[in-house]
Amino acid sequence: WRKFDEILEIWQRLKKNDRKPDLFTYSSLIQGFCKSGNVEGALALYKDMVESEVSPDVVVYNALLDGVCRASKMKECFELWDLMRNNGKHNVVSFNIMIRGLFENQKVEEAISMWDDFFDKNGTADSITYGVVIHGLCQTGYLNKALRVLKEAEDRKEKLDICSYSSMINGLCRDGRLDEAISILDMMSSHGCQPNSHACNILLNGLILASKIDDAIRFFNGMLTKNCSPN
RNA sequence: GGCUGACUUGC
């Protein structure tokens, strides 16, 4: 809160001295407001920036989009999204934020269709897109669809990273599909992603909670010989 | 110089 007052003071001094905040000033402040939960403040800054004829770029829009999603302001979210599409101010990060936001706000159908659209239109998914989609699908019970997304990405040799795999493993464990979880973990390094201790711990925990103690011990012994040593 | 994803266990 002290920092917040300091920022306000600096801001007022900036404005009083006729120093124009530039794109990056606005961008940093908007992000800061969003991250501290003050989306209204961020939107006010956005308005101020437009009035001052500093044109918001895709990073500013993305920060706002993420802010409204986290604040569950879905009406504002869709409005902003339309604006971004109409102005061509969106990129893969925008899609990642949107898909995550839709899943987080129980708009599962919308999240899935946004992903399908993106995918069909040859939007280039990055490893974060896969992480968001797989995590979202697992959290909402669409395990098989998540598995399909993962396998298809593997087949196309697309970038899947540790977050996609650990989400998938976590989802399978929580659904009691432990054998599949084990096989995903066993196979991931052959697809270019080394398991880390976080991923191994998720699986170990799943095995133990399911009382599969023998499997847990076998897996633990196997860890010692793989790249993921226990922490 | 500014934007997005896994959260196991313990604390």
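In what follows, chains carry the letters A, B, and so on, assigned in the order in which the sequence lines appear, proteins first and then strands, with residues in each chain numbered from 1.
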Quiz: residues 182-190 of chain A side-chain donor-acceptor pairs under 3.5 angstrom, not counting sequence neighbours:
residue: A:D186; atom: OD1; partner: A:K226; partner atom: NZ; Å: 3.2
residue: A:S190; atom: OG; partner: A:M187; partner atom: O; Å: 2.6

Q.
We want to know whether A:N96 and A:N62 form a side-chain donor-acceptor pair, criterion being a heavy-atom distance below 3.5 angstrom.
A. no

Q | Value in whole Å for how far the C1' atom of B:C3 lies from CG of A:L23 | A | 12 Å

Q: Test ring pair (Phe, Tyr, Trp, His ring centres under 6.0 Å) on A:W81 and A:Y61 and set out the steps.
A: CA-CA 9 Å; A:W81 179 244; A:Y61 281 111; over 10 Å; no

Q. Do A:S27 and B:G2 share a donor-acceptor pair, side chain to base, under 3.5 Å?
A. yes

Q) Any side-chain donor paired with an acceptor under 3.5 Å for A:D126 and A:T129? A) yes

Q.
Students often get this wrong, so: under 4.0 angstrom with heavy atoms, is A:V60 touching a base, only sugar-phosphate, or nothing?
A. base

(Q) Could you tell me how far B:C7 sits from B:C3 if I compare only their C1' atoms? Round to whole Å. (A) 22 Å

Q.
So if I define the base as every atom that isn't primed, P, OP1 or OP2, how would nucleotides 4-10 of chain B read as a B/S/- string at a heavy-atom cutoff under 4.0 Å?
A. BBBBBS-

Q) Any Lys/Arg nitrogen of A:E40 or A:K73 sitting under 4.0 Å from an Asp/Glu carboxylate oxygen of the other? A) yes

Q.
Out of the candidates A:L80, A:L83, A:V59, A:I97, only one should pair with A:L64 under the side chain to side chain contact (heavy atoms under 4.5 Å, CB included) rule; please name it.
A. A:L80

